[in-house]
Amino acid sequence: MSGESGVTAPWEVIAVRHGRLRTTRSNFYLNYSEYGEPDSPLELGYWFWVISNGSRRIVVDTGFSGEGGARRGREVLFDPLQACSELGITRDSGDTEILITHAHYDHAGNLSGFPSQPVYVHRSEAEFWLGPDARHHQFQSVVDDADLEHLRRVSRTDRVRWIEEAREIAPGVTVVPLPGHTPGQLVVRVETERGTVVLASDACHLDEELERDMPFKHNTDLVGLYRGLRTLREWQGNGDLIIAGHEPAVLDRFPRLDGALREHAVRIA
């Protein structure tokens, strides 16, 4: 927290798991049969993240809505807006900003719960999902009309903070486009006491996707996705901590929060 000296504390990163899906590898990885491996169970975690430095908070993604998750058979573990409230973040919080890494239902599902906060989003992301090309069935299955309508409303106000290239949005917090999964997929690089933490969101869903170069099945640009994975591996080789967007093991790798979120949230840095 900022003290009398005016020095701001380092950024902290909290990850909150709000949902879960038990599925299979063949249902997750693109063209899984081409790997020549037997099918087996696979678990996904659904996360959003909060970064803060005592005077400023940035909510990275807003999770899926209860309706959006239930309709797709996702297990709802903790309502994202309630989880934010447990962290002291409400619809009226004036020190909070929202960053939407991409517009899929499980990352932009509760944007309406933040009616006044600034919202960062890639311009190409909004243009694609609010335009005619997104109406194809293979794209529509991963978005909800209600979420997109709220994004449309936000994009017409002065609350929106357009991202078009890599940009530092706060000292020590840089947003980098890594398109492929979607046209405007963003990742967030956060400078913390433990070093650079990269919130990869869905530029990398699981650790295995990064390690084995195995893409998820939903993408708008497969070549772009591969390039993004390569960039993440380069950062990882330079010592950055990469946090994959749906990796369930994150819950076991870092200290748990106390209180109501103990079973759902960890402090990464």
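Just so we're clear, the structure is a prediction, and the values are computed from it rather than from any experiment.
The closest donor-acceptor contact from the side chain of Asn53 to the backbone of Arg56 lies under 3.5 Å. Remark: side-chain polar atoms of Asp61 are not paired, donor with acceptor, to backbone N or O of Gly63 under 3.5 angstrom. Looking only at distances, no side-chain donor or acceptor of Tyr105 sits under 3.5 Å from a matching main-chain atom of Ser141. Ser85 places no side-chain N or O within donor-acceptor distance of the main-chain N or O of Leu81, the cut-off being under 3.5 Å. Looking at Asn110, its side chain does come within 3.5 Å of a backbone N or O of Phe64 through a donor-acceptor pair. Looking at Glu208, its side chain never comes within 3.5 Å of a backbone N or O of Met214 through a donor-acceptor pair. For Arg194 (side chain) and Thr192 (main-chain N/O), no donor-acceptor pair under 3.5 Å exists by modelled atom type. A donor-acceptor pair is defined here as one N or O able to donate and one able to accept, closer than 3.5 Å; no such pair exists between the side chain of Trp49 and the backbone of Ser201. Judged purely by atom type and a 3.5 angstrom limit, Glu125 uses its side chain to pair as donor or acceptor with the backbone of Gly184. Of the possible donor and acceptor atoms, one in the side chain of Asp39 sits under 3.5 Å from a partner among the backbone N and O of Ser26.
Between the side chains of Ser93 and Gln117, not a single donor N or O lies within less than 3.5 Å of an accepting N or O. One side chain, Asp202 or His107, offers a donor N or O that lies under 3.5 Å from an acceptor on the other.
Taking the charged nitrogens against the carboxylate oxygens, Arg25 and Glu37 do have a contact shorter than 4.0 Å, which makes a salt bridge. Salt bridge present: Arg233 and Asp213 bring a charged side-chain N and a carboxylate O closer than 4.0 Å.
Annotation: side chain of Arg167 is in contact with side chain of Ile169 (closest heavy-atom distance under 4.5 Å). Looking at Pro183 and Asp221, their side chains never come closer than 4.5 Å, going by heavy atoms from C-beta outward. The closest side-chain heavy-atom distance from Trp47 to Leu251 is below 4.5 Å. Counting heavy atoms from C-beta outward, Ile51 and Val197 have side chains that stay 4.5 Å or more apart. A heavy-atom distance below 4.5 Å is not found between the side chains of Ile268 and Arg253. For the pair Thr62/Ile100, a side-chain contact is recorded, criterion being any heavy-atom separation below 4.5 Å from C-beta on. Annotation: side chain of Phe254 is in contact with side chain of Ile243 (closest heavy-atom distance under 4.5 Å).
Atom CD of Glu165 sits in a sparse spot, with 12 or fewer heavy atoms from other residues, nucleotides or ligands closer than 6.0 Å. The environment of CZ in Arg161 is crowded: more than 12 heavy-atom neighbours from other residues, nucleotides or ligands sit within 6.0 Å. Counted within 6.0 Å of CD on Glu234, heavy atoms from surrounding residues, nucleotides or ligands total more than 12; the atom is thus considered enclosed. Residue-environment remark: CD (Glu67) stays at or below the threshold of 12 foreign heavy atoms within 6.0 Å.
Rounding to the nearest 0.5 Å gives a distance of 10.0 Å between CD1 of Ile14 and CZ of Arg57. Atom CZ of Arg267 sits about 11.0 Å away from atom CG of Leu261, to the nearest 0.5 Å. The CH2 atom of Trp129 sits 10.0 Å away from the CZ atom of Arg135 when rounded to the nearest 0.5 Å. Of the inter-residue distances, the one linking Phe48 atom CZ with Arg17 atom CZ reads 12.5 Å to the nearest 0.5 angstrom. Here the CG atom belonging to Leu229 is positioned 6.0 Å from the SG atom belonging to Cys204, to the nearest 0.5 angstrom. Note that NE2 of His102 and CZ of Phe128 are 12.0 Å apart. Values are rounded to the nearest 0.5 Å.
For the side chain to side chain contact (heavy atoms under 4.5 Å, CB included) with Val198, the lone residue among Leu232, Val190, Val176, Leu241 that qualifies is Leu232.
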Would you check, one step at a time, whether the test side-chain hydrogen bond (donor to acceptor under 3.5 Å, both in side chains) holds for His181 with His104? CA-CA 10 Å; His181 178 58; His104 284 180; 3.3 Å; yes
Given Leu44 and Leu206, is the side-chain contact (heavy atoms from CB on, under 4.5 Å) satisfied, shown in steps? CA-CA 8 Å; Leu44 302 177; Leu206 297 174; 3.9 Å; yes
Between Asp106 and Arg74, does a salt bridge (charged side-chain N to carboxylate O under 4.0 Å, His left out) hold up when you go through it step by step? CA-CA 10 Å; Asp106 53 327; Arg74 275 49 177 172; over 6 Å; no
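In this pair, His205 and Phe216 present their aromatic rings tilted. The plane angle is within the 30 to 60° band.
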